Amino acid sequence: MKKIIIGNFKMNTTPSEFKSYAMALATKTKGTKNDVIVCPPYTHLGTAKQILAGSHIYYGAQNISEEESGAFTGEISASMIKDLGAEYVIVGHSERRGKFKENDKVVNKKIKTALANGLKVILCVGENLQTRTNKQAAMFVKKQLDDDLKGIYENELESVIIAYEPIWAIGTGKNVTVTEIHKMTDLIRKEIEYLYSEKAGRGINIVYGGSVGLTNYKKLLSNDFLNGVMIGNICLEIDNFTLICRENY
Ligand code: 13P
């Protein structure tokens with residue numbers, strides 16, 4: 001079964017390093033059945049266009065401004081990354097929500113701006129450890145979905161991937177059990193069904209992110225309820241990322 005494999009580079013690699021990486025990845029993953037998406041820093045998107053445009057590998061940005069253009073020094077707009085051939089943008093990553101104080105209102109506006117500019121959205125949701133310990137993870141993720149998707153139409157959902165990334169599992173090596181992930185993907189599908197329709201709930205693409213690596217990727221991707229994975233640290237290791245991208249699931 002075809003899966004979605006997303007590499008989130010975060011603030012890692014230089015443009016030159018990415019150039020070699022992209023060339024190697026395009027060669028090494030040729031023929032894969034899976035959808036491979038890499039999201040390097042903004043500064044690498046010109047190189048991505050050079051190397052990856054027209055290849056089987058999709059690429060995207062890690063963030064966009066919620067504004068279209070204007071006096072927003074230091075910001076990057078959706079149309080700028082679209083012009084560089086980006087197909088996707090990550091919105092609402094927990095590092096942006098936490099470290100850059102992006103709330104659900106901003107996330108919602110960013111999704112609308114992205115979709116209006118023809119970009120596909122990778123919407124990240126997920127709880128922190130305290131919320132999970134207090135048994136409020138389900139409520140928390142539901143509310144994120146309700147607020148983030150406000151005003152988004154059902155026909156736009158085909159351009160949205162939901163990434164469930166529990167904050168306590170990101171970069172920590174802590175493994176979330178497959179049962180826990182299954183519970184959350186069920187909950188996400190039910191909430192999408194509640195907000196839109198049964199068809200929308202069934203059809204929405206959900207990926208999991210948080211310490212995905214060589215020891216757990218097969219166990220995760222062998223399940224039908226999960227459409228793919230989103231990988232941070234390990235995507236920087238090209239041989240390991242290639243392995244995950246090439247596998248038949
Ligand atoms: P790690 O794979 O490093 O835990 O990062 C996950 C992540 O945040 C992907 O967006």
Side-chain angles (χ1 to χ4, degrees), residues 3-13 17-18 21 25 34-42 44-45 48 57-64 81 86-102 106-107 110-111 114 119-129 131-132 137 140-141 144-145 148 160-178 180-181 184-185 188 205-221 223 226-245 247:
K3 298 288 181 178
I4 303 165
I5 316 290
I6 306 169
N8 175 7
F9 280 58
K10 310 195 178 184
M11 198 172 73
N12 292 298
T13 72
E17 284 164 352
F18 179 71
Y21 180 103
L25 188 69
N34 303 308
D35 282 346
V36 178
I37 306 167
V38 288
C39 297
Y42 290 130
H44 307 15
L45 293 175
I57 298 178
Y58 302 101
Y59 58 94
Q62 297 170 15
N63 182 32
I64 46 160
I81 69 160
E87 192 131 357
Y88 289 88
V89 60
I90 301 171
V91 176
H93 192 282
S94 61
E95 284 150 22
R96 297 227 49 97
R97 291 178 190 264
K99 294 175 183 163
F100 300 93
K101 306 285 170 254
E102 285 184 11
V106 170
V107 170
K110 287 189 179 195
I111 296 175
L119 291 165
K120 293 179 180 157
V121 170
I122 300 162
L123 166 63
C124 301
V125 295
E127 78 288 353
N128 65 19
L129 192 56
T131 305
R132 174 150 288 254
F140 182 83
V141 170
Q144 280 188 322
L145 291 170
D148 297 349
V160 176
I161 297 172
I162 309 275
Y164 171 55
E165 299 206 317
I167 299 170
W168 50 278
I170 295 177
T172 57
K174 282 195 179 124
N175 275 331
V176 184
T177 65
V178 173
E180 280 171 308
I181 296 171
M184 199 50 92
T185 57
I188 292 169
N205 280 318
I206 306 176
V207 302
Y208 167 79
S211 298
V212 174
L214 292 189
T215 55
N216 60 358
Y217 77 96
K218 277 193 197 167
K219 211 164 61 184
L220 294 168
L221 289 168
N223 296 289
L226 205 57
N227 301 101
V229 288
M230 181 147 155
I231 304 175
N233 276 327
I234 296 298
C235 86
L236 301 171
E237 301 168 8
I238 186 149
D239 288 338
N240 292 333
F241 190 58
T242 299
L243 198 72
I244 300 173
C245 291
E247 188 105 10

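Owing to the predicted nature of the structure, the values given are computational and were not obtained by experimental measurement. Ligands are counted one by one from 1 in listed order, and the atoms in each one are counted from 1 as well.
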### Message
For atom 2 (O) of ligand 1, what's the nearest protein heavy-atom neighbour? Residue, atom name and distance, please.
### Response
G232 N, 2.8 Å

### Task
Heavy-atom contacts with S211 under 4.0 Å: which atoms of ligand 1 show up? List them by number with element.
1 (P), 2 (O), 4 (O)

## Note on the structure
In ligand 1, the atoms that come under 4.0 Å of a heavy atom of N233 are 1 (P), 2 (O), 3 (O)

### Query
Any side-chain heavy atom of I234 within less than 4.5 Å of one from Y217?
no

### Sub-3.5 Å N/O-N/O distance, G171 and ligand 1
yes

### Query
Has the side chain of R97 got a donor or acceptor atom that lies under 3.5 Å from a matching backbone atom of C124?
yes

### Task
Determine yes or no for a side-chain-to-main-chain donor-acceptor pair under 3.5 angstrom, with K3 supplying the side chain and V229 the backbone.
no

### Task
Measure the distances from the heavy atoms of I170 to every atom of ligand 1 and state whether one is below 4.0 angstrom.
yes

### Task
Report the nearest protein non-hydrogen atom to atom 9 (C) of ligand 1: residue, atom name, distance rounded to 0.1 Å.
E165 OE2, 2.9 Å

### Query
Numbering the atoms of ligand 1 from 1, which are under 4.0 Å from a heavy atom of N8?
9 (C), 10 (O)

### Query
Who are the salt bridge (charged side-chain N to carboxylate O under 4.0 Å, His left out) partners of E17, not counting sequence neighbours?
none

### Query
Between the candidates K174, K10, M230, which shows the shortest non-hydrogen contact distance to atom 8 (O) of ligand 1?
K10

### Message
So, regarding G209 and ligand 1 (criterion: nitrogen or oxygen to nitrogen or oxygen, under 3.5 Å), is there a contact or not?
### Response
no

### Query
Among all residues two or more places apart in sequence or in another chain, which pass the salt bridge (charged side-chain N to carboxylate O under 4.0 Å, His left out) test with R96?
E102

### Message
Within this structure, what is the CG-NZ distance for the pair L243 and K218, rounded to the nearest 0.5 Å?
### Response
7.0 Å

### Message
Taking 4.0 angstrom as the limit and counting only heavy atoms of H93, give me the atoms of ligand 1 inside it, by number and element.
### Response
7 (C), 8 (O), 9 (C), 10 (O)

### Task
Check the surroundings of atom OH in Y58: do more than 12 heavy atoms from other residues, nucleotides or ligands lie under 6.0 Å from it?
no

